[in-house]
Enquirer: 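The structure is given below, and queries will be raised subsequently.
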Amino acid sequence: MKKTRKAMSLVLGSLLLTASLAGCGKGDAGNAQDSQSSASLQNSEQEFVSSQEESQTGGQDTEELVELTWILQTGSPDGLDVWLEKANEYLAEQIGVKLNLEFYNKEQISTIRQSNSGFDIVFTEGNVFYEEQKIGVYADIAPYLETVGKEMYDAFPAALWDAVNIDGGIYAVPVYKDISQSFFFFWDADVCETYDVDYTQFNSLQSPGLTEALLKIKEGTGERSVPLGGGEPQGVVETKYDNLNLCNVLGVAYGDSQGKVVSVFEQEDVLADLRVLREWYEKGIINSDANVTDNIPEYRVFRMIQAWPSFATSLSRLTECNVECTQWGNTVMSNSTITACLNTVSSNCKNPEKAVEFLNFVNTDTKFRDMLKYGIEGETFQYNDQGTVTMLDSDTKWSMPNFMVGNFFVNTPQDTEGEQMTEIKQQNERAVVSIGIGLVIDRSGFEDELANCNEIYNRYSRDLMTGAANPETVVPQMLEELKSAGLDTIIEQVQAQVDAHLSK
């Protein structure tokens with residue numbers, strides 16, 4: 001628009017100069033006519049400028065739009081081209097951006113990130129983020145968080161920024177959602193009532209009477225009450241220890257202000273849970289193929305998963321039964337729970353300030369955030385009188401990966417969500433926060449040992465977590481292999497870094 005204004009000024013200036021020269025020597029009548037001409041030209045200039053500005057209202061010339069490419073890790077939604085047309089009208093009007101939105105699978109997006117080309121903003125996660133930051137893939141966006149990103153920066157809890165702060169630089173925008181982790185026991189409440197089981201008293205695998213209750217249900221229904229598969233359950237370690245983004249065989253206990261790094265499978269709280277799972281497996285409460293199958297029935301009387309309380313409503317609809325829940329263990333927060341979903345700016349981005357401004361808009365503007373989650377208003381969704389969103393029957397089924405894109409808490413809630421967002425926010429606020437927030441472990445002194453320990457853990461974990469392996473014999477065997485692979489060396493070096501972190 002600056003070029004347009006300059007050209008405009010030159011043209012109008014020439015006209016005024018011509019009019020001024022033409023009026024010389026004409027006397028009073030000529031001067032009066034010249035005054036009228038000059039006023040007329042000035043009015044014309046103002047009208048011309050106004051008309052140009054009106055044509056720009058709420059936006060910018062196409063040639064001035066900053067083009068940004070954002071890459072996400074999933075399949076492309078139906079109707080993307082039409083959505084982009086609508087979205088770009090709004091983005092041009094609000095922040096002067098033209099968005100290219102691209103989607104790739106996990107392997108493809110990893111290759112793209114490693115090449116550090118063809119994108120301005122890209123989705124990443126956890127350990128991958130820390131490793132790729134070390135090789136210079138991502139830009140430090142800290143300077144822009146004081147200006148074009150300030151609204152987003154101020155809206156997020158400090159822990160989010162701490163988790164992506166590396167040596168004073170900030171290298172990602174976390175997705176503000178369930179940045180903590182809570183596990184729950186979900187029950188078919190009607191079945192519990194039938195067999196006189198008070199599910200509300202159970203909040204850990206150690207809860208007195210839990211095994212007896214599950215046996216009673218199994219014997220009454222003739223079905224296994226805890227069918228497992230697909231790597232379930234998580235939570236045995238995750239509810240108790242922060243593995244510092246390394247491996248589940250070591251960690252710092254949540255709530256331990258001293259930050260002692262321990263060998264997790266030598267701790268009694270973990271071993272006690274493994275014994276319970278083994279008992280369930282031996283008594284037929286857990287299916288005999290739980291350690292090898294990925295097929296899990298949709299309906300289950302009892303399940304142990306990460307979620308939030310009102311997820312019971314979703315399960316009720318899915319399974320057509322009355323699902324209720326109790327929380328299993330504490331809600332916890334760590335680097336790994338925060339960095340599960342991140343958006344980063346490429347260090348090769350030509351306009352990192354505009355990329356941060358765009359991410360700020362994604363995370364603070366309700367209208368655009370709703371477009372990302374729900375699609376096109378009037379076609380795939382509509383706002384209703386209750387202040388929520390209703391999805392519409394449409395040939396286009398909008399399928400944006402909402403958990404990857406931005407702040408959940410600026411979305412207009414969907415009419416089927418209930419109290420989900422309120423519950424997630426409350427869980428975040430009451431989480432037991434790890435002392436490891438903001439600590440990025442330098443692995444350079446034990447990379448080979450860590451890789452070997454992860455391989456050993458992955459080989460044993462499904463057998464142990466489903467009760468298929470006897471922890472009394474298999475855990476010592478696994479520990480022997482871990483120690484031979486260098487577990488004690490890893491713990492020693494990690495402890496030194498934790499101590500240095502806590503001393504700051």
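Worth saying up front: this structure is predicted, and the values here are computed from it rather than measured. Atoms considered below: every heavy atom in the structure, side chains included; atoms not considered: hydrogens, waters and symmetry mates.
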Enquirer: Do the ring centers of Phe185 and Phe202 come within less than 6.0 Å of each other?
Expert: no
Enquirer: Taking NZ, NE, NH1 and NH2 as the nitrogens, is one of them in Glu212 or Lys218 under 4.0 Å from a carboxylate oxygen of the other?
Expert: no
Enquirer: Are Phe156 and Trp161 an aromatic pair, judged by ring center distance below 6.0 Å?
Expert: yes
Enquirer: I'd like to know if the side chain of Asn411 pairs up with that of Asp370 as donor and acceptor (distance under 3.5 Å, no hydrogens or angles considered).
Expert: yes
Enquirer: Without hydrogens or angle criteria, can the side chains of Ser310 and Glu423 be said to hold a donor-acceptor pair below 3.5 Å?
Expert: yes
Enquirer: Any salt bridge linking Lys86 with Glu89? Criterion: basic side-chain nitrogen under 4.0 Å from a carboxylate oxygen.
Expert: no
Enquirer: What residues form a ring-ring contact (aromatic ring centres under 6.0 Å, His included) with Phe368, not counting sequence neighbours?
Expert: Phe361
Enquirer: Taking atom types as modelled, is there a side-chain donor on Thr466 or Asn291 under 3.5 Å from an acceptor on the other?
Expert: no
Enquirer: Does a donor on one side chain and an acceptor on the other come within less than 3.5 Å for Glu102 and Tyr104?
Expert: yes
Enquirer: First locate atom NZ of Lys177, then atom OG1 of Thr337, and finally report the distance between them rounded to the nearest 0.5 Å.
Expert: 8.5 Å
Enquirer: Not counting sequence neighbours, list each pair that qualifies as a salt bridge (charged side-chain N to carboxylate O under 4.0 Å, His left out) and has a residue in residues 233-246.
Expert: Lys240-Asp273
Enquirer: Can you find a side-chain donor-acceptor pair between Asp178 and Gln427 that sits under 3.5 Å?
Expert: no
Enquirer: Is the centre of the Tyr138 ring less than 6.0 Å from the centre of the Tyr171 ring?
Expert: no
Enquirer: Does the ring of Tyr90 carry Lys367 above it, NZ/CZ under 6.0 angstrom from centre and within 45° of its axis?
Expert: yes
Enquirer: Is there a donor-acceptor contact under 3.5 Å linking the side chains of Asp269 and Tyr241?
Expert: yes
Enquirer: Checking Ser204 side chain against Ser207 main chain: does a donor-acceptor pair fall under 3.5 Å?
Expert: yes
Enquirer: With distance as the sole test, does Asn335 use its side chain to make a donor-acceptor pair with the main-chain N or O of Val440 at under 3.5 Å?
Expert: no
Enquirer: State the CH2-SG distance between Trp187 and Cys325, to the nearest 0.5 angstrom.
Expert: 12.0 Å
Enquirer: When you check the side-chain N and O atoms of Asn348 and Ser346, is any donor under 3.5 Å from an acceptor?
Expert: no
Enquirer: Residues in side-chain hydrogen bond (donor to acceptor under 3.5 Å, both in side chains) with Asp415, at least two apart?
Expert: Thr390
Enquirer: Quick one: list whatever passes salt bridge (charged side-chain N to carboxylate O under 4.0 Å, His left out) with Lys150, sequence neighbours left out.
Expert: Asp154
Enquirer: Does the plane of the ring in Trp280 sit parallel, tilted or perpendicular to the ring in Phe302? Use 30° and 60° as the thresholds.
Expert: perpendicular
Enquirer: Distance only, no hydrogens: is a donor on one side chain within 3.5 Å (strictly under) of an acceptor on the other, for Asn248 and Ser461?
Expert: no
Enquirer: Measure the CD1-OG distance between Ile376 and Ser394 for me, rounded to the nearest 0.5 Å.
Expert: 8.5 Å
Enquirer: Enumerate the residue pairs fulfilling salt bridge (charged side-chain N to carboxylate O under 4.0 Å, His left out) with a member in residues 109-124, sequence neighbours excluded, ordered by first and then second residue.
Expert: Arg113-Glu132
Enquirer: Would you say Ser434 and Ser334 are linked by a side-chain donor-acceptor pair, where the criterion is simply a distance under 3.5 Å?
Expert: no
Enquirer: Applying ring-ring contact (aromatic ring centres under 6.0 Å, His included), name anything that partners Phe311, two or more places apart in sequence or on another chain.
Expert: Phe186, Trp308
Enquirer: CD of Gln133 to OG of Ser347: how many Å apart, nearest 0.5 Å?
Expert: 10.0 Å
Enquirer: Identify the residue among Arg303, Arg300, Arg462 that makes a salt bridge (charged side-chain N to carboxylate O under 4.0 Å, His left out) with Glu232.
Expert: Arg300
Enquirer: Do Thr293 side-chain atoms and Asp289 backbone N/O form a donor-acceptor pair below 3.5 Å?
Expert: no
Enquirer: How long is the gap from CG on Leu72 to CD1 on Ile109, to the nearest 0.5 Å?
Expert: 6.5 Å
